[in-house]
There are 4 protein chains.
Amino acid sequence: MSAGDIAATREERRPRGRLDKRQAIMDAGLRVFAREGYERASVDAIAAEAGVAKPTIYNHLGGKENLFREVMLGLARAANAKFLAALESFPSDPSGPAELREQLLAVAPRLVDCYHEPESWARQRLLYAESGRFPDLFPAVLAAGTGQGLEVLAGRLARLANAGHLEIADPVRAAGQFLALLTHELPGLSQLGERPIGDDVLAGVIEAGIDTFLRAFSPRPA
Amino acid sequence: MSAGDIAATREERRPRGRLDKRQAIMDAGLRVFAREGYERASVDAIAAEAGVAKPTIYNHLGGKENLFREVMLGLARAANAKFLAALESFPSDPSGPAELREQLLAVAPRLVDCYHEPESWARQRLLYAESGRFPDLFPAVLAAGTGQGLEVLAGRLARLANAGHLEIADPVRAAGQFLALLTHELPGLSQLGERPIGDDVLAGVIEAGIDTFLRAFSPRPA
Amino acid sequence: MSAGDIAATREERRPRGRLDKRQAIMDAGLRVFAREGYERASVDAIAAEAGVAKPTIYNHLGGKENLFREVMLGLARAANAKFLAALESFPSDPSGPAELREQLLAVAPRLVDCYHEPESWARQRLLYAESGRFPDLFPAVLAAGTGQGLEVLAGRLARLANAGHLEIADPVRAAGQFLALLTHELPGLSQLGERPIGDDVLAGVIEAGIDTFLRAFSPRPA
Amino acid sequence: MSAGDIAATREERRPRGRLDKRQAIMDAGLRVFAREGYERASVDAIAAEAGVAKPTIYNHLGGKENLFREVMLGLARAANAKFLAALESFPSDPSGPAELREQLLAVAPRLVDCYHEPESWARQRLLYAESGRFPDLFPAVLAAGTGQGLEVLAGRLARLANAGHLEIADPVRAAGQFLALLTHELPGLSQLGERPIGDDVLAGVIEAGIDTFLRAFSPRPA
DNA sequence: GATGAATGAGTATTCATTCAT
DNA sequence: CATGAATGAATACTCATTCAT
């Protein structure tokens, strides 16, 4: 989707086949990179999985390094889009603390899901793995991905603070703490995404995170 | 000591004796793995950096895979030791909330340092990068490393709760949240360890984390 | 033919086209295997002798083991063809014992030559050397090579027996004995193919073998 | 045995352990060489199988090449001894053709056994395999082994010819033909020693060989 | 534009041999 | 004398990349 759109804006009048191939290559690249890591992923394997010949990858994407960058940016954009979509209807002017908690309990699983889907683990792991070799990747992925979401979330929290529902000094930092409270157990529980987490376990983690957050940021009686 | 001296007298004439080649190899392995990642790290490079011949690596450690495992477990053990050392004198029976905050402000930088030193970044990144290829690594490293520290920290928090200084339902989870609040900004601020973080910035992060933690877990007035 | 010409025109400019690289590799493989044995033969040496790059060998033949198998089967097929060709015009209905002897003296050197040419020694020695490592090789080479020839020869001897020129109970066994009588001295005389055998010596061996065979299998007077 | 004797003549007054080790190494060498071939046989494996440290092999036998030569010569000598022992009581002045045939039928299996025991196959295969690398090996093994036996057998046949039991022009050649008739099917039947041959099959081969030999070399009626 | 074929560079691993003890 | 430890050299194989079609 997102990668398709991006390509479309660049080459709108191209025959359909070209775009399909580019997208097929990027999809295959993601799968193979996620499965094998950057170094172990062979261009041969990606070409086979994409159903194209090897030189086609070089024609379309210029080589392994650039393909990797494109794949990572695609992942970041997709993750950001999903994160923003999850935030879309949050918050909707809660009447009091109980309703705020309800709204947090409703939105949090969708946010957590952004960190727990396979693409997120792949992005995270490849980012950790290859930041040394691709020093520009981390900032770029942050800018195209999680970074934006964090700021939008900060805005929503600020809105709640302005309405008197929360007491927040630094909304961006609070947003980060909120996400940290929601997600900090995920790596351990899922073994970096290699095992599913039981729904009840996940719900418990989320509820505990929200409660800690609310205890910390609810307005204090004077 | 004596072994070191003996080796030294031997080294003067011919650098072939056995010495602590094993340790030299593991040190070099850590450096090269951290710098290049597992796949890109060549046994040649490790041998060169350790100052030994390549077969010596195979004699002592059996091959690249096992060397990697040993390096990672070594990192985990060292990190655990450092973490436990940081916790040693915490808490020391605070008289009230202000002193508790002081003690937290004192211990937190030492804990955060465990997550921000180069070895920790290397361990983290290699773990993320290679958990697919070494599925047993993540649990093993957790067991030998951070996992223990977390439980010990939980015990300390439980002690504070028993003394009435904190209100904690699930100490292990609270310990995780505490560490998450302290460390969640580190990856972004340091670009996964590739840039130093200013002391003041770090202090701000730590203080914010502690304050959020205290607001969330301080006993409420009845 | 035409392919050869085309390739030639290409070769003039750049030796990279595909041509009969496969055949060149197999020829070089035979030479190097024969010279060095399977283990000592290095793929590097074969590639150099074939005038191709090493990976080309892997592209065309999949690896050292398979190349060896192909070389051996090629040798077996070629030897079989030569053996059958030698037998083609034997026997041609001899009028009596003297003419039968003439015909045997005529065909025998061509048969013996099948056992004394360099390719035969190479095949034999590699087969003996590597039958442990390639247990399926001996039966395969036998089936594609000498085995067939033996049966055809047996048929020709049976024809002579039917015509009353020989007295043969078991033609296949008699064929084997015939070949054994012709060839049993070859390994010793030629030091397993490493030295030429004088023509007169060879002729003596052949004549002695034929005479023994004829004395054993000529019809007895009632 | 034989190898032990030889060593004894060289180092009669050495302590027993030294000879034992040398013999253990040679035994292990034979096993490993036979199993793996010369190139694939590692000195490590031989040392392990002999229960000694690697340098001990170099002390006692000077290296892999020389060990191989010694092993091969030992095999040849042992084979020769066995062959001569088999011939010891042959022939014992037969009264007529029938008794001659009996005596041949009695001695032939013992001779054939010399070609069909595992050590013989090992010797044969290693000789074929490594004659290129050890050009002096084939003549040396022949001289120490089969060559002698052939000449002795020739003498026995000559004795029979002198007594009028056989008609032999060239005894050495006849001896070779005799052995060839007895053994030519062994490689095919046993797949170069990798499969056992049924007793009945072997008896049939032997009988057929003897009968052909006798038909060829029995005195003709004038 | 897509491809089959080819390649130069680089990988982990093993081996025969030799010191120093 | 026997050994544990070390090494230089060599091996099979793989990969990202690029021609020529």
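All heavy atoms count here, side chains included; hydrogens, waters and symmetry mates do not.
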Exercise. Check for a donor-acceptor pair, side chain of K64(D) on one end and backbone N or O of Y38(D) on the other, with a separation under 3.5 Å.
Key: yes
Practice problem: Could you tell me whether the phosphate oxygens of dT7(F), OP1 or OP2, come under 4.0 Å of any side-chain nitrogen or oxygen in K21(B)? | Solution: yes
Self-check item: N/O donor-acceptor pair under 3.5 Å between S131(D) side chain and L127(D) backbone
Solution: yes
Quiz item: What is the distance from CD of E39(C) to P of dA10(F), rounded to the nearest Å?
Solution: 17 Å
Exercise. Report the residue (A53(D) or P55(C)) whose heavy-atom-nearest nucleotide on DNA chain F is the more 5′ of the two.
Key: A53(D)
Quiz item: Atom CG of N66(A) and atom P of dA16(F): how far apart are they, to the nearest Å?
Solution: 15 Å
Exercise. Measure the CZ-CD distance between R35(D) and E49(D) for me, rounded to the nearest 0.5 Å.
Key: 4.5 Å
Practice problem: Could you state the atom-to-atom distance from CD of E36(C) to C1' of dA12(F) in whole Å? | Solution: 16 Å
Practice problem: Could you tell me whether the side chain of K54(B) has a donor or acceptor atom within less than 3.5 Å of a complementary atom in the base of dT7(F)? | Solution: no
Exercise. Find which nucleotide of DNA chain E each of V52(A) and E65(D) is nearest to by heavy atoms, and output the residue with the more 5' nucleotide.
Key: V52(A)
Quiz item: CG of L67(A) versus P of dC15(F): gap in Å, rounded?
Solution: 16 Å
Quiz prompt | 5'-most by nearest nucleotide on DNA chain F - G51(D) or V43(C) | solution = G51(D)
Quiz item: Using a cut-off of 4.0 Å on non-hydrogen atoms, how would the nucleic acid contact of A47(D) be classed: base, sugar-phosphate, or nothing?
Solution: nothing
Quiz item: What is the minimum heavy-atom distance between V32(B) and A41(B), and which atoms define it?
Solution: CG1-CB, 3.7 Å
Quiz item: Base, sugar-phosphate, or nothing for A45(B), non-hydrogen atoms under 4.0 angstrom?
Solution: nothing
Quiz item: Roughly, in whole Å, what's the span from CG in D44(D) to C1' in dA16(E)?
Solution: 9 Å
Quiz item: Does T56(B) put a side-chain nitrogen or oxygen below 4.0 Å from OP1 or OP2 of dT7(F)?
Solution: yes
Quiz item: Is the backbone N or O of L192(A) less than 3.5 Å from a side-chain atom of R125(A), with the two atoms forming a donor-acceptor pair by type?
Solution: yes
Self-check item: DNA chain E base-pair string [pairs: Watson-Crick or G-U under 3.5 Å; |: paired with another strand]
Solution: .||||||||||||||||||||
Quiz item: When the ring planes of F68(B) and F134(B) are compared, do they come out parallel, tilted or perpendicular, using 30° and 60° as the limits?
Solution: tilted
Quiz item: Are side-chain heavy atoms of R133(B) and R40(A) found at a separation under 4.5 Å?
Solution: yes
Practice problem: Starting at atom CD1 of I46(D), determine the distance to atom P of dA16(E), rounded to an integer number of angstrom. | Solution: 8 Å
Exercise. Can you tell me the distance, in whole Å, between the OH atom of Y58(D) and the C1' atom of dT7(F)?
Key: 13 Å
Quiz item: Hey, does the side chain of H60(A) come within less than 4.0 Å of dG1(E)'s phosphate (OP1/OP2), counting only N and O?
Solution: no
Quiz item: For I25(A) and dT3(E), what is the distance between atoms CD1 and C1' respectively, to the nearest whole Å?
Solution: 13 Å
